[in-house]
There are 2 protein chains.
Amino acid sequence: MAKFKLDEIDHQILDMLIENTRVPFTDIAKKLLISAGTVHVRVKKMEDAGIIKGSSLTLDYKKLGYSFIAYVGVFLQNTSKTSFVLERISEIPYVTVAHVTTGKFNIFCKIRARNTEHAKDVIFMLDDIEGVYRTETMISLDESINDKKRLMHSIFNDL
Amino acid sequence: MAKFKLDEIDHQILDMLIENTRVPFTDIAKKLLISAGTVHVRVKKMEDAGIIKGSSLTLDYKKLGYSFIAYVGVFLQNTSKTSFVLERISEIPYVTVAHVTTGKFNIFCKIRARNTEHAKDVIFMLDDIEGVYRTETMISLDESINDKKRLMHSIFNDL
DNA sequence: GGTGAAACTTCTAATAA
DNA sequence: TTATTAGAAGTTTCACC
C-alpha cells in the first residue's frame, strides 16, 4: 500500500474535519487563507485516493443505555476454523470489532452491551460458536480514547 | 445515566448520518417524507441531549503508512498507580484507546504503528512508564469492524 | 410536535489566471 | 495548482398548523 503524500494544507483540512465533519468549507478556507474551491478540490482528492474513507457520528452509547464494554479473547479448537468463527462473530451486532491475533488468543474482540447480564448473553453466544474452545473476558471499567488529531499530527510529521 | 427516548424517525435519521455525516438534511427529509426543518430540529435535539457527541472522518491509516495494530495488556506494580500510568499512556499518540480492566490486566490499550519496529518502540515506551511492571502484546493480523448501524438497530429494538 | 416558504449560507463546477 | 464567480443546493428560522 503506497503512502499518500499529504501537504501541510491537506493536513490542516483533515484536522478540522476530524473534529467536525460538518464544518463548512468556507470556514476551513477562511482559517487557512485559501479559497473554498481549493478546500473542495483537496477533500475530493483525498476521498478519491481513499485516504478519507467516510464519515460517521460519534454517539454516546451510555446515554442509549449501553454502558458496558468488554474485550473477549477467543481460543479456537483449531486455527483452520478462524474464518468460519469470524463470520459467526460478525453476525453478533454487540461485537463492535474483531481481530485475528498472534499471542495468547486466536481471535480478540470488543463488545458493547447494556449491562453485565446482557454481556453474559453475548459472551455465551461467542462460546457457543462451533469451533470455539473457550473465551476469556476482560471487563472495561473505564475507557479513554486518545485524540485522533494527535495521531494524525504524528503521522504527518513522519511522512 | 438516563436512557434517551428515540423514536423511529430519530433512528432513521441517525442511520443515514452514521453512514455519511454530510448527507444533506433535504435528502434525509425526502427519504423520510418529512420536512428538512424537522430533520434539523431533531438532529439539534439529539445533539443537545448529548446522544450525538460529534462527528469524525474515517481515515485509511494503511494508506498513510500505518498498518500495524496491536493490543497491549499492562500489568502494574500497584493498582494505586493506575491514574498516573493512564496519564502517561495518554501522552503517547500511537495509543488510540486505553481501558482500565478487570481480569488478567490492569490496563489494556490499543496501539497503531507504522510497522513492527515502530510498534516495538511504542511498547518500550509503555514498559518504561514508572509503575508498569510488564506488558503483554497481541498483534492484530486482521481487523474487521462491525457495522455501527447493526448495533444501532439492536439498540433501537431494545429501547 | 410539524410544515412550508423566505432569507441566508454554502457548495460546486466552469473559467480564468 | 489555485482563485473567482455565479447558479444550484442546503440550512435555518419563523409564522402558522
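Just so you know, these numbers come straight off a predicted model, no measurement behind them. Each chain gets a letter, A, B and so on, in the order the sequences are listed, and its residues count up from 1.
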| query | So what does B:Thr26 touch, heavy atoms closer than 4.0 Å: a base, only the sugar-phosphate, or nothing? | reply |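 Base contact.
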| query | Using a cut-off of 4.0 Å on non-hydrogen atoms, how would the nucleic acid contact of B:Lys30 be classed: base, sugar-phosphate, or nothing? | reply |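 Here B:Lys30 touches no strand at all.
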| At what distance, to the nearest 0.5 angstrom, does OH of B:Tyr94 lie from OG of A:Ser154? | 4.0 Å
Looking only at side-chain N and O atoms, does [X] come under 4.0 Å of OP1 or OP2 in [N]?
X	N	value
B:Ser35	C:dG2	no
B:Arg42	C:dG1	no
B:Lys44	D:dT12	no
A:His40	C:dC11	no

| query | Thinking salt bridges, do A:Lys104 and B:Glu136 make one under a 4.0 Å N-O criterion? | reply | no
| said: Please find the pair of heavy atoms, one from A:Ala29 and one from A:Ser35, that lie closest to each other, and give the distance. | reply: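 Nearest pair, atom of A:Ala29 first, then A:Ser35: CB-C, 3.5 Å.
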What is the distance, to the nearest angstrom, from the [atom1] atom on [X] to the [atom2] atom on [N]?
X	N	atom1	atom2	result
B:Leu33	C:dG2	CG	P	14 Å
A:Ile34	D:dT4	CD1	P	12 Å
A:Asp27	C:dT10	CG	C1'	10 Å
B:Leu17	D:dG10	CG	P	14 Å
A:Ile28	C:dC11	CD1	C1'	12 Å
B:Asp10	C:dG1	CG	C1'	12 Å
B:Met16	D:dG10	CE	C1'	14 Å
A:Asp48	C:dT12	CG	P	13 Å

| query | Side chain of B:Arg112, backbone of B:Ala70: donor and acceptor closer than 3.5 Å? | reply | no
| request: Please answer whether the main-chain N or O of A:Val23 pairs with a side-chain N or O of A:Asp27 as donor and acceptor at a distance below 3.5 Å. | output: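 Checked: no pair found.
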| Nearest to side-chain heavy atoms of B:Thr38, which nucleotide of C:dT10, C:dG2, D:dT1 | C:dG2
| task | Select one nucleotide: of D:dT2, C:dT3, C:dT12, the one nearest the side-chain heavy atoms of A:Phe25. | result | C:dT12
| field | Whichever of A:Val41 and A:Arg22 has its nearest DNA chain D nucleotide further upstream toward 5' | value |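 Per heavy-atom nearest nucleotide, the more 5' residue is A:Val41.
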